[in-house]
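Here the structure is laid out as structure tokens; the discussion comes afterwards.
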Amino acid sequence: MLHKKKPTSRYIETEKTRNRLTKRTVEVFDDLNGIDPFWVGIKALIRVERTGTRGGKPYHEVFYNIKLSLSNSERDSFGL
């Protein structure tokens, strides 16, 4: 479902520490049309993608979160 939708907001951060280089992309999706009714009450889906190198070896991770509500500070940090 998410691959067909544009995120409401996106935040990209690059971080370099000792032997790591990480690019983190956080995307918030609040257009939940088409989501299974089982998930009633969800206000947003959050996708976090991390790519980079650790000790010279590449890695790629994707995590998903659900939010039942967004606080004012979260709305501000995600640009909502």
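In what follows, residues are counted from 1 in the order of the sequence shown.
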>> Could you walk me through whether E61 and K23 satisfy the salt bridge (Lys or Arg N to Asp or Glu O under 4.0 Å) test, starting with their C-alpha distance in whole Å, then the side-chain angles of each, then the deciding distance to 0.1 Å, before giving a yes or no?
In response: CA-CA 11 Å; E61 302 170 326; K23 177 182 175 185; over 6 Å; no

> Taking all non-hydrogen atoms of both residues, which atom of D30 and which atom of K43 are closest, and how far apart?
Replying inline: CB-O, 3.6 Å

> Can you check whether I42 reaches L32 side chain to side chain, under 4.5 Å on heavy atoms?
Replying inline: yes

> Just wondering, do V26 and R24 contact through their side chains at under 4.5 Å, heavy atoms?
Replying inline: yes

> Taking side chain as C-beta onward, heavy atoms only, is F29 less than 4.5 Å from K6?
Replying inline: no

>> In the structure I gave you, are the side-chain heavy atoms of I35 and L45 within less than 4.5 Å of one another anywhere?
In response: yes

>> For the CZ atom on R20, are there more than 12 heavy atoms of other groups (residues, nucleotides or ligands in this structure) within a distance under 6.0 Å?
In response: no

>> T14 vs L21, test: side-chain contact (heavy atoms from CB on, under 4.5 Å). Steps then yes/no.
In response: CA-CA 7 Å; T14 302; L21 176 62; 4.0 Å; yes

>> If I compare all heavy atoms of D36 with all of F38, which pair ends up nearest, and what's the gap?
In response: OD1-N, 2.7 Å

> Do the side chains of P7 and V28 get nearer than 4.5 Å, heavy atoms only?
Replying inline: no

>> So E49 and H60, do their side chains get closer than 4.5 Å, heavy atoms only?
In response: yes

>> Working note: K67 + I46, criterion side-chain contact (heavy atoms from CB on, under 4.5 Å); need CA distance, chi angles, decisive distance, verdict.
In response: CA-CA 8 Å; K67 290 298 283 186; I46 301 169; 3.3 Å; yes

> Can you name the nearest heavy-atom pair linking T53 to Y59, along with the distance?
Replying inline: N-CE2, 3.5 Å

>> When you compare the side chain of E13 with that of Y11, does any pair of heavy atoms fall below 4.5 Å?
In response: yes

> Between D31 and T8, is any pair of side-chain heavy atoms under 4.5 Å apart?
Replying inline: no

>> What verdict does the side-chain contact (heavy atoms from CB on, under 4.5 Å) test give for W39 and I66, after you've listed the backbone C-alpha separation in whole Å, the side-chain angles of each residue and the deciding distance to 0.1 Å?
In response: CA-CA 10 Å; W39 296 102; I66 60 171; 4.1 Å; yes

